[in-house]
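To keep things clear, I will list the structure first and then write my remarks on it.
Proteins get letters first, then strands, A, B, ... in listed order; numbering begins at 1 in each.
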Amino acid sequence: AQSVAQPEDQVNVAEGNPLTVKCTYSVSGNPYLFWYVQYPNRGLQFLLKYITGDNLVKGSYGFEAEFNKSQTSFHLKKPSALVSDSALYFCAVRVFNNAGNMLTFGGGTRLMVKP
Amino acid sequence: GAVVSQHPSWVICKSGTSVKIECRSLDFQATTMFWYRQFPKQSLMLMATSNEGSKATYEQGVEKDKFLINHASLTLSTLTVTSAHPEDSSFYICSARDPGVDPDTQYFGPGTRLTVL
């Protein structure tokens, strides 16, 4: 089964420090990978995606992610964290079923940025 | 672009009543929309894929008679929770793809919090 895993339930970082939110994938073929962010009581906002091309993908709000095929990872990064980055982050992979293609999400990682 | 709205944003209802949630694509036509359910501190679980003009495809374990989905137009899909019970209380989120711009990315609505008393 095609899936993504987020090994950390929560990541704590001080404001101004770099942050990394981890994601690993298990996919047959070429993966389509996504990162979304969810603020409290809100829907998900698209951050970035990897389809093909450069392994380093740049997205919204200064976030970037690095696709690493040998490690089957797609970690989300930001050079300098802001308190306002505190939210729930989801990694997702596109999979195919009878209805077409859909997203399967990881369990989510709560990012806490402390001033 | 690619804005998805939901209405209502929150609803409280009595057990046994039915609740309708609307999902609209505001600036694009969405042939396919998705309905998710999210429990507190958990990930999103896909409930069904809604296709304009045809029956929805439900995920395993989702009761199609309880969660009625109608996708009558290219900009509107509705989810009706019939005979709601307290265990149906959850955060329901819809999403859609804009095939004309980016067929790979799903854009999400802000969610609807349902509380069944």
Side-chain angles (χ1 to χ4, degrees), chain A residues 1-10 21 23 27 29-53 57 59-60 65 67 74 87-112, chain B residues 1-7 9-10 21 23-24 30-52 54-60 62 69 71 90-99 101-115:
Chain A
Q2 305 197 91
S3 63
V4 288
Q6 295 178 243
E8 302 157 314
D9 290 337
Q10 182 162 319
V21 183
C23 172
V27 172
N30 296 321
Y32 283 36
L33 297 162
F34 303 80
W35 274 102
Y36 287 87
V37 59
Q38 185 180 34
Y39 296 98
N41 297 312
R42 301 293 303 276
L44 274 66
Q45 295 181 30
F46 170 72
L47 282 178
L48 51 81
K49 66 180 179 181
Y50 172 82
I51 304 297
T52 186
V57 180
S60 306
F67 173 69
F74 189 57
L88 191 55
Y89 291 80
F90 290 99
C91 180
V93 64
R94 192 177 82 169
V95 299
F96 293 88
N97 66 2
N98 292 335
N101 72 73
M102 51 175 273
L103 289 178
T104 293
F105 288 87
T109 299
R110 185 165 301 280
L111 173 65
M112 298 290 292
Chain B
V3 178
V4 178
S5 71
Q6 278 183 247
H7 179 79
S9 55
W10 58 270
I21 302 170
C23 177
R24 295 181 184 272
T31 55
T32 303
M33 291 183 172
F34 304 86
W35 286 97
Y36 294 83
R37 184 173 180 177
Q38 186 181 29
F39 291 102
K41 299 184 180 181
Q42 294 189 25
S43 187
L44 280 71
M45 299 300 296
L46 180 66
M47 299 174 65
T49 302
S50 169
N51 296 297
E52 187 269 335
S54 65
K55 292 182 179 180
T57 302
Y58 290 82
E59 295 300 300
Q60 191 172 8
V62 177
I69 292 173
H71 194 155
S90 190
F91 196 50
Y92 292 88
I93 306 174
C94 73
S95 71
R97 285 196 299 260
D98 182 353
V101 175
D102 182 355
D104 298 314
T105 302
Q106 286 186 27
Y107 294 91
F108 287 79
T112 297
R113 183 161 301 283
L114 170 64
T115 301

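A perpendicular orientation is assigned to the rings of Phe46(A) and Tyr36(A), their planes being inclined by more than 60° (bins at 30° and 60°).
Between chain B and the options Gln45(A), Arg110(A), Gln38(A), heavy-atom pairs under 4.5 Å are most frequent for Gln38(A). The candidate from Gln6(B), Gln42(B), Gln38(B), Arg113(B) with the greatest count of non-hydrogen atom pairs under 4.5 Å with chain A is Gln38(B).
One finds the OG1 atom of Thr104(A) at 8.0 Å from the CG atom of Leu46(B) (value rounded to the nearest 0.5 Å).
Each of Leu44(B), Thr112(B), Ile21(B), Val4(B) was evaluated against Ile93(B); a single residue qualifies, Leu44(B), per the side chain to side chain contact (heavy atoms under 4.5 Å, CB included) test.
The contact between Phe105(A) and chain B is made by backbone and side chain atoms together, counting heavy-atom distances below 4.5 Å.
Phe34(A) places none of its side-chain heavy atoms less than 4.5 Å from the side chain of Val4(A).
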